[in-house]
Amino acid sequence: MRAQVVIVGAGPSGLLLGQLLHQQGIDTLIVERRSPDYVLSRIRAGVLEQGAQSMLEEAGVAARMHAEGLVHTGTELIFNGKRHRVDFKEHTGKTVMVYGQTEVTKDLMDARTASGAKIIYEAEDVTLHDFGSEKPRVSFRKDGMTHDVACDFIAGCDGYHGVSRESVPTDAIKTFERVYPFGWLGILSDTRPVSDELIYVNDPKGFALCSMRSMTRSRYYLQCRIDEKVEDWSDERFWNELRTRLDPEGAERLETGPSIEKSVAPLRSFVAEPMRFGRLFLVGDSAHIVPPTGAKGLNLAASDVRYLFDALVDFYKDHSNAGIDGYSARALARIWKAERFSWWMTGLLHRFPESSPFEQRMQGAELDYLFSSRAAQAALAENYVGLPY
Ligand code: APR
Ligand code: PHB
């Protein structure tokens, strides 16, 4: 078997890159370890910057997003029981789209199927070979048979736990990491969202977030202990705890109902440098993780795909190596800024078990400053809607 580009992983990064390359007549093979149902069962954030929306438009998969997604012009924040609003549109002229990552993935999967381009699910033992040379290969097993695929390039779109980053010699890669001392307990429910906009809450009992997937489906999160057990959280306990972290208006308007998903997620900041090793490129979560505060994960995957897609088109159409040579530095420059914003927003809104009374006062002062300063609100808005590509 042969493909010009082998893409490892069929998450949003791999599927989006695959779709864009296929449209340019560049031959791709996607190999994914899991089944399509498993890939679609993962629940992740749901806020798309305009850059990510444009990428989906360019890939021809934005119709359902435009029909069903919700355009948000700002966000709300609750501190000391009082609600404040940051207007994205006023400060930046831009908005964000609330549309779940599961839906984005489904739209991309459907497009892949419709295009007839090759994708192999439930591929076992995916292994990367010779990416330091001009002739890389990817091997895998499927239904008991071993396959070996020769290619020009490998795109490692296989997430944080994937094989691509692990295949790089340890002395060729440097990693930077921060693990936060708490998690997010999330639930999904078919209830009306408590507000038209997202609400981020800094409460003495911890962070909370009121988000949504549609006007009839809500997504809520509570800051919890890192070792919190989902089984210890009945729906009733979750709703009661969320209500105590909201302002009186939110508590009054909160509509409760049975959860359709409930899980605990850890929070981590992580970056691997560089993102190119010969003919292997790391893309999306395989190279970087952000804590979910600010919902930058999928948006960063989209900007990596932008840079790599442009680089590969330059290579194949213009016989230029410039994009490929510049990919890592270009992607990392944007990634570190989004890492900073996600880390800052996490620090601003959570209760840290180790924080001293002085540090708590600093956090309060920073929030107070944010609510009273147009410049501070503009900085939040500029980062939330997404820095330029
Ligand atoms: N071989 C093949 N596929 C693999 C392997 C492997 N060894 N390991 C992992 N995968 C697959 C996973 O099953 C998954 O479907 O790679 C895919 C990686 O997808 P994501 O983890 O969603 O990563 P990415 O596509 O970069 O998306 C980034 O999605 O993960 C969220 O928060 C993240 O929003 C961000 C965005
Ligand atoms: C979500 O809807 O899951 C979500 C939204 C915003 C965030 C994080 C998660 O900052």
Side-chain angles (χ1 to χ4, degrees), residues 6-18 29-48 52 70 72 75 77 96-105 108-109 119-128 138-142 154-167 184 186-188 193 197-201 207-214 217-221 261 263 265 267-268 270 282-305 308 338 341-342 345-346 349 384:
V6 173
I7 297 172
V8 184
S13 304
L15 289 164
L16 179 58
L17 180 66
L29 168 70
I30 303 183
V31 281
E32 163 61 49
R33 177 167 65 169
R34 305 286 192 173
S35 69
D37 285 350
Y38 185 96
V39 171
L40 286 176
S41 69
R42 291 189 290 237
I43 307 221
R44 268 123 176 208
V47 180
L48 299 176
L70 305 168
H72 282 203
T75 193
L77 298 128
V96 293
M97 175 77 79
V98 172
Y99 186 64
Q101 182 172 320
T102 312
E103 308 311 317
V104 171
T105 310
L108 285 163
M109 273 183 178
I119 181 159
I120 295 180
Y121 287 100
E122 298 177 282
E124 294 171 74
D125 295 337
V126 175
T127 310
L128 283 52
V138 175
S139 63
F140 61 93
R141 273 191 312 115
K142 172 75 182 172
I154 304 172
C157 302
D158 48 348
Y160 181 68
H161 300 287
V163 64
S164 298
R165 195 182 66 252
E166 290 302 313
S167 305
W184 280 17
I187 75 168
L188 195 63
E197 294 185 336
L198 270 59
I199 310 177
Y200 290 87
V201 186
F207 170 80
L209 170 60
C210 306
S211 181
M212 65 192 76
R213 292 291 173 270
S214 69
R217 180 168 285 188
S218 299
R219 180 76 170 151
Y220 293 105
Y221 298 96
E261 195 266 354
S263 54
L267 274 75
R268 183 192 299 274
F270 173 87
L282 301 182
V283 183
D285 274 22
S286 70
H288 43 81
I289 295 288
V290 285
T293 334
K296 290 289 166 228
L298 176 59
N299 293 297
L300 276 185
S303 55
D304 289 358
V305 168
L308 183 56
F341 177 65
S342 308
M345 218 174 147
T346 302
L349 296 171
Y384 199 99

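As the structure lists them, so they are numbered: ligands from 1, and atoms in each ligand from 1. Count residues from 1 along the sequence.
- Remark: Asn299 CG to Leu48 CG distance equals 6.0 Å, nearest 0.5 Å.
- For ligand 1, the atoms sitting less than 4.0 Å from at least one non-hydrogen atom of Arg44 are 20 (P), 21 (O), 22 (O), 29 (O), 30 (O), 31 (C), numbered in the order shown with element in parentheses.
- Each of the following atoms of ligand 1 lies closer than 4.0 Å to a heavy atom of Arg34: 13 (O).
- Closest protein heavy atom to atom 13 (O) of ligand 1: Glu32 OE2, 2.6 Å.
- At a heavy-atom cutoff of 4.0 Å, ligand 2 is contacted by the side chain of Trp184 but not by its backbone.
- At the top of the distance list for atom 24 (P) of ligand 1, counting protein heavy atoms only, stands Ser13 OG, 3.3 Å.
- Contact annotation: for Ser211 versus ligand 2, heavy atoms closer than 4.0 Å belong to the side chain alone.
- Contact annotation: Met345 has no heavy atom less than 4.0 Å from any atom of ligand 2.
- Listed by atom number, the atoms of ligand 2 under 4.0 Å from Gly294 heavy atoms are 10 (O).
- Close approach of ligand 1 to Val31 (heavy-atom distance below 4.0 Å) involves ligand atoms 2 (C), 3 (N).
- Closest heavy-atom approach to atom 36 (C) of ligand 1 among the candidates Glu122, Gln101, Glu124: Gln101.
- Using a 4.5 Å cut-off on side-chain heavy atoms (C-beta onward), Ile43 and Arg219 make contact.
- Annotation: Met212 places no N or O atom under 3.5 Å from an N or O atom of ligand 2; distance criterion only.
- Close approach of ligand 1 to Gly159 is summarised as follows: ligand atoms under 4.0 Å from at least one heavy atom of the residue are 18 (C), 21 (O), 23 (O).
- Atoms OG and CD1, on Ser164 and Ile154 in that order, are 7.5 Å from each other to the nearest 0.5 Å.
- Here the shortest heavy-atom pairing between Ile30 and Gly14 reads CD1-O, 3.8 Å.
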Using the rule given for side chain to side chain contact (heavy atoms under 4.5 Å, CB included), can you reason through Arg33 versus Phe140, listing the C-alpha separation, both sets of side-chain angles and the distance that settles it, and then say yes or no? CA-CA 9 Å; Arg33 177 167 65 169; Phe140 61 93; over 6 Å; no
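- The shortest N or O to N or O distance between Arg33 and ligand 1 is below 3.5 Å.
- Across Tyr220 and Ser211, no two heavy atoms sit closer than the pair CD2-N, 4.4 Å.
- Atom 19 (O) of ligand 1 has as its closest protein heavy atom Gly11 CA, 3.5 Å.
- Remark: ligand 2 and Tyr221 share an N or O pair separated by less than 3.5 Å (distance only, no angle test).
- Of all atoms in ligand 1, numbered sequentially from 1 with element shown, those under 4.0 Å from a heavy atom of Val163 are 7 (N).
- Put simply, the side chain of His72 does not reach to within 4.5 Å of the side chain of Val47, judged on heavy atoms.
- For ligand 2, none of its N or O atoms has an N or O atom of Thr293 under 3.5 Å away.
- Residues Ala123 and Val31 come closest through the heavy atom pair CB-CB, 4.3 Å.
- For the pair Pro12 and ligand 1, a heavy-atom separation below 4.0 Å is found.
- Under a 4.0 angstrom heavy-atom cut-off, Cys157 registers as being in contact with ligand 1.
- Here the shortest heavy-atom pairing between Val163 and Val126 reads CG2-O, 3.6 Å.
- For ligand 2, the polar-atom distance check finds an N/O of Tyr200 within less than 3.5 Å of one of the ligand's N/O atoms.
- Shortest contact from atom 15 (O) of ligand 1 to any protein heavy atom: Arg42 NH2, 2.5 Å.
- Considering Val8, Leu16, Asp158 only, the shortest heavy-atom separation from atom 10 (N) of ligand 1 involves Asp158.
- Within the listing of ligand 1, atoms 26 (O) sit less than 4.0 angstrom from a heavy atom of Gly284.
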Dump the intermediate steps for side chain to side chain contact (heavy atoms under 4.5 Å, CB included) on Asp304 and His288, then the final yes or no. CA-CA 11 Å; Asp304 289 358; His288 43 81; 2.6 Å; yes
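- Across Leu349 and Leu77, no two heavy atoms sit closer than the pair CD2-CD2, 4.1 Å.
- One N or O on the side chain of Arg165 and one on the backbone of Tyr160 form a donor-acceptor pair closer than 3.5 Å.
- Ligand-side atoms of ligand 1 in range of Val126: 1 (N), 2 (C), range being under 4.0 angstrom from any heavy atom.
- Atoms of ligand 1 found under 4.0 Å from any heavy atom of Leu298, numbered from 1 in the order shown, are 34 (O), 35 (C), 36 (C).
- Of the protein's non-hydrogen atoms, the one nearest atom 28 (C) of ligand 1 is Asp285 OD1, 3.4 Å.
- The aromatic rings of Tyr200 and Tyr384 lie perpendicular to each other, with more than 60° between the two planes, well past the 30° mark.
- With contacts defined as side-chain heavy-atom distances shorter than 4.5 Å, the pair Leu15/Val104 does not qualify.
- Of all non-hydrogen atoms in Pro193 and Ser214, the two that sit nearest each other are CG-O, 3.4 Å.
- Atom 8 (C) of ligand 2 has its closest protein heavy atom at Pro292 O, 3.3 Å.
- Contacts with ligand 2 closer than 4.0 Å are made by side-chain heavy atoms of Leu198 only, the backbone lying farther away.
- Near Ala295, meaning under 4.0 Å from one of its heavy atoms, ligand 2 places the atoms 6 (C), 7 (C), 10 (O).
- The aromatic rings of Trp184 and Tyr221 sit tilted, their planes meeting at an angle between 30° and 60°.
- For the pair Thr346 and Val290, the minimum side-chain heavy-atom distance is 4.5 Å or more.
- Residue Arg213 approaches ligand 2 through these ligand atoms, each under 4.0 Å from one of its heavy atoms: 1 (C), 2 (O), 3 (O).
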